Protein chains: 2
Amino acid sequence: MAGKAELDRILEALDATDTLDGLQQIIDQVCTVFGVDHAMYHWVDSAGDHYYFGTYPQTWVERYQEKAYVRVDPVVAGCYQRFHPVDWKRLDWSPKPAREFLKDALEHGVGNQGYSIPIRGPNGQFAVFTVSHNCDDEAWERLTERYSRDMILMAHYFNRKALEFEPERTPEQAQPLSPREVDALTFLAIGYSRAQVAKTLSISEHTLRVYIESARFKLGAINTTHAIARAMSLGLIVI
Amino acid sequence: MAGKAELDRILEALDATDTLDGLQQIIDQVCTVFGVDHAMYHWVDSAGDHYYFGTYPQTWVERYQEKAYVRVDPVVAGCYQRFHPVDWKRLDWSPKPAREFLKDALEHGVGNQGYSIPIRGPNGQFAVFTVSHNCDDEAWERLTERYSRDMILMAHYFNRKALEFEPERTPEQAQPLSPREVDALTFLAIGYSRAQVAKTLSISEHTLRVYIESARFKLGAINTTHAIARAMSLGLIVI
DNA sequence: AGCGTACTCGCTATTTTGGGGGAGGGGTGC
DNA sequence: GCACCCCTCCCCCAAAATAGCGAGTACGCT
């Protein structure tokens, strides 16, 4: 059973680690200490790219990527929309692809219970920290209630290390946008036409165009839609 | 001095609260228990909109909004780019507006020391949890080292309540898009024109248009750019 | 005082999107 | 069996965005 001392030891080990192997060892320890079958950190990247470590069977991890399950996985979708940790039971497993995904997961050794914590970093970074286990609902509830705070902290610390180890994944520091550029992109992102935005900002449409072009340039975007997408994933604008 | 029991009490009180007054009382307690002058939760919104509670003097809070200091505040800017908690000393206070802001803050009773934790939620939500105090560097370092984990958890729990109290700020349940719609929006979001997307997906441009229109309809979007923005903030597509 | 950057305005031509129709085949769930 | 949704294809025309020129003011930093 894990008390404060065990948690402290894990977090301190996490702070001190500077290799991926070290992370892997610590996540193994997490399973032992907290008495669960699996623990997994999974950084969900833009183009179906992944960064992860944990105790899921290699066969499952490969299959997950091969089948592009990230597009189906209700855990990822559910975490993306929430701030709270998520018990897998509370997700929507009704769509057929989700049910097939679950069946496949169980066959590959993933536990029937799971608890996942969304983690968000700068520039739109998004990751999930999951613990999974095979047990009945009651035992699972006791476990999640008891350790939910510890898991939040562990998720936080694992993400620190992931960010530290993968600096190149942190999207290049975008050139900051000027306030007017932010205004322009923000209104465009909520569907205003250029004419409407210009009117809203009380500037000529031409001036507005200059902002949009300048923002496009700074963001390395080839059209407005692209600029909006990049600005959003970099966290430069919020809708 | 705050031990595990005090933290637990605060977090449990947080879980149980369902009024803004309750939050205010708890954040007052946080100051007492952790021995700091101020604690503040501040949800930073894109449009300069704010949601906050804490112990900063009302005069300062008003001045902050009146002067639109959120655009200047190095704490907000620094937290926005980081995942780690931030000690104010490590921020860049060199720009003239920042220096003036700091001077103004000190005059309004904000502490000379501060420690701020970035918090990110779904839909680009961003908030900062700050504790501030008047003391020398050494005492401050002892305090932040000792309580940094506690503060991460408190930040998390305060944000939970903020999200709970402000449901209209959180996204409605996403309407699922078909795979082709997701494909279409995804390629549009990385800057492809309709012609390019159609070619990439090996379908006619007309077909593609049907997907885009259908996606627009499902998302309640009035044009493609809007649809991309909504799909991204709902987590339906990832760039 | 000079440099860079943000902000503001104008024109014309071309390319891309949006809105309005319609039509058929295939899979899933009730 | 029959909806219902998904995928695929086609027309025309109006509206909007992009691309190419250029020019002036104001502010802060060095």
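In this text, all values refer to a predicted model and were calculated from it rather than measured experimentally. Just so it is clear: chains get the letters A, B, ... in the order the sequence lines come, proteins before strands, and each one is counted from 1.
- Between the side chains of B:W88 and B:N112, no donor N or O sits under 3.5 Å from an acceptor N or O.
- Nearest to the side-chain atoms of A:T224 among the listed nucleotides D:dA17, D:dC6, C:dC7 stands D:dA17.
- Across the interface with DNA chain C, nearest-nucleotide mapping of A:S214 and B:Y192 shows A:S214 to be the residue nearer the 5′ end.
- For B:E213, the CD atom is densely surrounded, since the number of other residues' heavy atoms within 6.0 Å is greater than 12.
- Rounded to a whole Å, the CG atom of B:L177 is 14 Å from the P atom of D:dC5.
- For D:dC29, the OP1/OP2 oxygens have no side-chain nitrogen or oxygen of B:K96 closer than 4.0 Å.
- Closest approach to the B:R209 side chain among D:dC11, C:dT8, C:dT17 is made by D:dC11 (side chain taken as heavy atoms from C-beta onward).
- Which of D:dA19, C:dG18, C:dC11 sits closest to the side chain of A:H206 comes down to C:dC11.
- Under 4.0 angstrom from either OP1 or OP2 of C:dC9 there lies at least one side-chain N or O belonging to A:S204.
- Proximity of a side-chain donor or acceptor of B:H38 to a complementary backbone N or O of B:G109 within less than 3.5 Å is detected.
- Among the atoms of the strands shown, only primed sugar atoms or phosphate atoms (P, OP1, OP2) are found under 4.0 Å from some heavy atom of B:R180.
- In summary, A:E107 and A:K103 engage in a salt bridge, as defined by a charged side-chain N under 4.0 Å from a carboxylate O.
- Heavy-atom nearest nucleotides on DNA chain D were determined for A:T225 and for B:I203, and the one closer to the 5' end corresponds to B:I203.
- In this entry the distance linking CD of B:Q196 with C1' of C:dT16 reads 11 Å, nearest Å.
- Atoms CD (A:E100) and P (C:dT28) sit 9 Å apart, rounded to a whole Å.
- Nearest to the side-chain atoms of B:Y211 among the listed nucleotides C:dA6, C:dT8, D:dT8 stands D:dT8.
- Distance CZ (B:R194) to C1' (C:dG19): 10 Å, rounded to an integer number of Å.
- Looking only at atom types and distance, the side chain of A:Y64 has a donor-acceptor partner in the side chain of A:D73 under 3.5 Å away.
- Under the 3.5 Å distance criterion, with hydrogens and angles disregarded, no donor-acceptor pair is assigned to the side chains of A:Q113 and A:S132.
- Nearest to the side chain of A:R216, among D:dA19, D:dC29, C:dG10, sits D:dA19.
- The distance from atom CD1 of B:I212 to atom P of C:dG19 is 11 Å, rounded to the nearest whole Å.
- Look at CG on A:N223: it is 12 Å from C1' on C:dT15, rounded to the nearest Å.
- In this structure, A:K218 does not reach the C:dT5 phosphate: none of its side-chain N or O atoms is under 4.0 Å from OP1 or OP2.
- Rounded to whole Å, atom P of D:dC6 lies 11 Å from atom CZ of B:F217.
- Position along DNA chain C of the nearest nucleotide to A:S178 versus A:S94 favours A:S178 as the more 5'-ward residue.
- At a threshold of 4.0 angstrom between heavy atoms, the contacts of A:S193 are confined to the sugar-phosphate backbone, with no base atom among them.
- For the pair A:E205 CD and D:dA15 P, the interatomic distance rounds to 14 Å; values are reported in whole Å.
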